[in-house]
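First up is the structure itself, then whatever we jot down about it.
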Protein chains: 2
Amino acid sequence: MANDLPITTSEWEVMRIVWTLEKATSSEIINLLVKKRTWKASTVKTLIGRLVQKGMLTATKEGHTNTYQCAIAERTAMQEEATRLFKNMCAMKNGEVLAELIQEIQLSKSDIQKLQDALTAKEQTAPDQVACNCIPKEETTE
Amino acid sequence: MANDLPITTSEWEVMRIVWTLEKATSSEIINLLVKKRTWKASTVKTLIGRLVQKGMLTATKEGHTNTYQCAIAERTAMQEEATRLFKNMCAMKNGEVLAELIQEIQLSKSDIQKLQDALTAKEQTAPDQVACNCIPKEETTE
DNA sequence: GTCCTCCGTTTACAAATGTAATCTACAATT
DNA sequence: AATTGTAGATTACATTTGTAAACGGAGGAC
């Protein structure tokens with residue numbers, strides 16, 4: 001079960017296709033991606049191969065042809081990426097970034113409801129200030 | 001004005017230091033990072049050099065020594081990263097991911113207030129459903 | 001003034017990534 | 001059966017990234 005996933009941007013595009021199709025053959029993936037990106041079929045094959053190596057895709061041989069499936073759920077992968085990103089940015093500014101992000105992405109009414117609930121719950125225990133975590137331990141001029 | 005910033009994770013760590021210090025000499029950056037990470041001084045120097053090339057840091061020579069400053073605001077860079085990430089993930093699932101993200105990161109009371117306001121505003125025009133944007137144009141088996 | 005140190009620059013080199021051609025073996029066609 | 005189209009595997013190669021040593025000059029220590 002791929003846990004750390006150092007998955008690259010190109011590979012991510014392949015994953016999105018397979019996540020959506022649930023299972024797919026290489027030609028399905030290739031057809032879709034050759035259109036979307038200007039990749040050659042070969043390129044997509046390479047990416048598929050690397051994803052299999054990385055344990056992100058499983059290949060099940062059916063006759064001569066492989067059927068590819070994702071070894072990790074899309075939601076999980078997305079969550080990990082999002083969390084990793086925010087953990088690597090200044091904690092103090094996360095809130096503002098999130099606020100602007102909310103304005104920039106599409107959200108459904110029910111998404112908004114969920115978010116509001118989550119916020120309300122969090123409000124109880126929220127601190128007045130979040131400390132910046134940008135500088136390692138010791139102080140500047142130490 | 002660095003606009004696209006293909007900035008790597010290691011480089012990001014250097015940026016965080018300089019963003020926080022506002023201006024810094026190489027030795028300040030090196031001292032902090034050699035502790036935090038197990039990098040050699042040389043490694044940090046390389047990263048600084050690359051960031052200058054990429055236009056993310058400016059180097060102002062004061063005598064023999066450089067003073068480094070960031071060429072792009074931290075908030076801007078953070079916002080770009082966050083937006084880019086979410087734009088590259090399944091639009092339909094962004095809401096859920098965000099909801100869980102909110103639970104995982106630290107937020108101050110005022111952050112929460114801002115988020116709630118942003119959500120309330122957005123609620124007006126929110127659709128009932130957000131469409132998945134994972135598969136390129138043409139349909140699966142076309 | 002000489003030597004050492006520190007800083008910036010240059011060079012190094014392996015691994016990962018982006019991008020792809022080629023080769024090989026089965027499958028479908030004729 | 002011979003041919004041809006494909007799918008998967010192997011190989012290729014430039015660029016980027018991670019990680020660092022080496023070099024060369026300016027300033028400070030003595």
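Throughout, a chain's letter reflects where its sequence line sits, starting with A, and its residues are numbered from 1.
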Query raised in the report: Charged N to carboxylate O below 4.0 Å: is that the case for A/Glu104 and B/Lys87?
Result: no

**Report entry** Distance (rounded to the nearest 0.5 Å) between B/Thr20 OG1 and A/Met92 CE
**Finding:** 7.5 Å

Requested in this report: In whole angstrom, give the distance that lies between atom NZ of B/Lys36 and atom C1' of D/dT19.
Outcome: 17 Å

Report summary line: note: A/Trp12, atom CH2; C/dT17, atom P; distance rounded to Å ~ 14 Å

Between the protein and nucleotides 24-30 of chain D, list the N/O to N/O atom pairs that are separated by less than 3.5 angstrom.
none

**Report entry** Residues that A/Thr76 engages under side-chain contact (heavy atoms from CB on, under 4.5 Å), provided they are two or more places apart
**Finding:** A/Ile72, A/Ala73, A/Glu80

Requested in this report: Find the distance A/Arg37:CZ to C/dT19:C1' and express it as a whole number of Å.
Outcome: 11 Å

Query raised in the report: Do A/Glu11 and A/Arg50 meet the salt-bridge criterion of a basic N to acidic O distance under 4.0 Å?
Result: no

**Report entry** Nucleotide C/dA20, atom C1' - distance to CD1 of A/Ile30 in whole Å
**Finding:** 12 Å

Query raised in the report: Which residues pass the side-chain contact (heavy atoms from CB on, under 4.5 Å) test with B/Ser42, sequence neighbours left out?
Result: none

Pull out every protein N or O sitting under 3.5 Å from an N or O of nucleotides 13-18 of chain D, one pair per line with the distance.
from, atom 1, to, atom 2, distance (Å)
D/dT17, OP2, B/Lys54, NZ, 3.1
D/dG18, OP1, B/Thr9, OG1, 3.3
D/dG18, OP1, B/Ser10, OG, 3.3
D/dG18, OP2, B/Thr8, OG1, 2.6
D/dG18, OP2, B/Ser10, OG, 3.4
D/dG18, N7, B/Arg50, NH1, 2.8
D/dG18, N7, B/Arg50, NH2, 3.4
D/dG18, O6, B/Arg50, NH2, 3.1

Query raised in the report: Taking atom P of C/dC6 as reference, at what distance in whole Å does atom CD1 of B/Ile48 sit?
Result: 16 Å

Query raised in the report: B/Thr120: what forms a side-chain contact (heavy atoms from CB on, under 4.5 Å) with it, not counting sequence neighbours?
Result: A/Gln116

Report summary line: Whole-Å distance, A/Leu51 CG to D/dG8 P, equals 14 Å

Query - Phosphate-side-chain proximity, B/Ser42 and D/dA22, N/O vs OP1/OP2 below 4.0 Å - result: no

Query raised in the report: Counting just side-chain N and O atoms, does A/Lys40 come under 4.0 Å of either OP1 or OP2 of C/dT19?
Result: no

Report task. Please identify each residue that fulfils side chain to side chain donor-acceptor pair (under 3.5 Å) with A/Lys93, with sequence neighbours left out. Result -> B/Glu74

Query raised in the report: More than 12 foreign heavy atoms under 6.0 Å from CD of B/Gln129: is that the case here?
Result: no

Query raised in the report: Starting at CG of A/Leu57 and ending at P of D/dA9, how long is that distance when rounded to a whole Å?
Result: 13 Å

**Report entry** Side-chain donor-acceptor pair present, A/Asn88, B/Arg16, cut-off under 3.5 Å
**Finding:** no

Requested in this report: Rounded to the nearest angstrom, tell me the gap between atom NZ in A/Lys45 and atom P in D/dA12.
Outcome: 17 Å

Query raised in the report: Which nucleotide, D/dG8, C/dT9, D/dA21, lies nearest any side-chain atom of A/Lys61?
Result: D/dG8

